[in-house]
Amino acid sequence: MRFAKIVFWIAAVWGVLVLTPLYFMFNTISRMDPPAITHPGFYYGFVGLGLAWQFAFGVIATDPVRYRPLMLPSVAEKFAYGISVVVLVQQNRMSGRDLGFAGADLLLGLLFAIAFLTTRP
């Protein structure tokens with residue numbers, strides 16, 4: 001249970017630190033990583049949804065045994081982004097610079113799975 005608490009707290013803090021600045025980087029991202037973002041609703045929706053999950057990770061960290069069922073969708077959340085980025089980079093549809101964030105999500109997804117398996121219901 002201690003492992004799960006640590007992993008989910010780290011994920012929550014990391015996610016808030018990484019995602020929150022995206023609210024203020026819309027134009028910068030459009031300029032530095034063309035083409036420009038053309039669907040701001042999808043962009044801000046992604047950021048908001050991501051932040052909501054960080055708060056869910058914080059809730060899981062408070063009582064991993066009680067919230068163990070939420071660990072499975074947490075694994076899916078991390079793998080969905082990480083695998084998508086890897087595939088898009090392989091298809092030359094995204095920059096390889098994004099692989100660092102994808103790798104972090106894939107690692108956290110793996111740690112979430114381990115936390116799920118090691119936390120007894």
Side-chain angles (χ1 to χ4, degrees):
M1 182 168 86
R2 180 169 164 73
F3 174 76
K5 280 187 176 198
I6 292 169
V7 166
F8 278 92
W9 274 125
I10 289 171
V13 171
W14 164 258
V16 169
L17 291 174
V18 170
L19 291 171
T20 302
L22 292 176
Y23 274 117
F24 310 100
M25 296 177 65
F26 181 85
N27 292 326
T28 304
I29 291 170
S30 288
R31 220 176 25 258
M32 294 181 71
D33 195 10
I37 300 168
T38 59
H39 294 79
F42 288 135
Y43 175 83
Y44 289 112
F46 166 80
V47 175
L49 184 61
L51 277 173
W53 269 104
Q54 307 323 300
F55 293 109
F57 300 155
V59 169
I60 294 167
T62 63
D63 191 349
V65 173
R66 179 178 180 191
Y67 296 112
R68 185 174 182 263
L70 280 174
M71 291 182 191
L72 291 176
S74 298
V75 171
E77 185 267 347
K78 291 299 179 190
F79 285 158
Y81 178 74
I83 292 169
S84 295
V85 170
V86 169
V87 170
L88 290 168
V89 168
Q90 288 177 338
Q91 294 174 344
N92 294 318
R93 295 172 62 196
M94 272 184 88
S95 169
R97 295 182 308 240
D98 297 310
L99 286 173
F101 292 108
D105 268 21
L106 291 170
L107 175 61
L108 285 169
L110 177 63
L111 293 173
F112 287 178
I114 293 168
F116 177 79
L117 294 172
T118 59
T119 301
R120 300 285 178 233

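Bear in mind the structure is a predicted one, so any value in this text is a computation, not a measurement. For this chain, numbers begin at 1 and follow the sequence in order.
- Using a 4.5 Å heavy-atom cutoff, the side chains of M94 and S84 are not in contact.
- Scanning all heavy atoms of the two residues, the minimum distance from R97 to D33 falls at NH2-OD1, 3.6 Å.
- For Q54 against A11, the heavy-atom pair with the smallest separation is OE1-O, 3.1 Å.
- Looking only at side-chain heavy atoms (C-beta outward), F3 and P64 stay at 4.5 Å or farther from each other.
- In plain terms, the two heavy atoms of G96 and V89 that are nearest each other are CA-CG1, 4.1 Å.
- Shortest non-hydrogen contact noted between I37 and P40 is CG2-N, 4.5 Å.
- Residues V59 and Y67 form a side-chain contact, since some pair of their non-hydrogen atoms from C-beta on lies under 4.5 Å apart.
- Other residues, nucleotides and ligands place no more than 12 heavy atoms under 6.0 Å from the CZ atom of F101.
- With contacts defined as side-chain heavy-atom distances shorter than 4.5 Å, the pair V7/I114 does not qualify.
- Annotation: side chain of F57 is not in contact with side chain of L108 (no heavy-atom distance under 4.5 Å).
- In this structure, the side chains of L22 and Y43 come closer than 4.5 Å at one or more pairs of heavy atoms.
- The aromatic rings of F112 and F8 lie parallel to each other, with less than 30° between the two planes, well short of the 60° mark.
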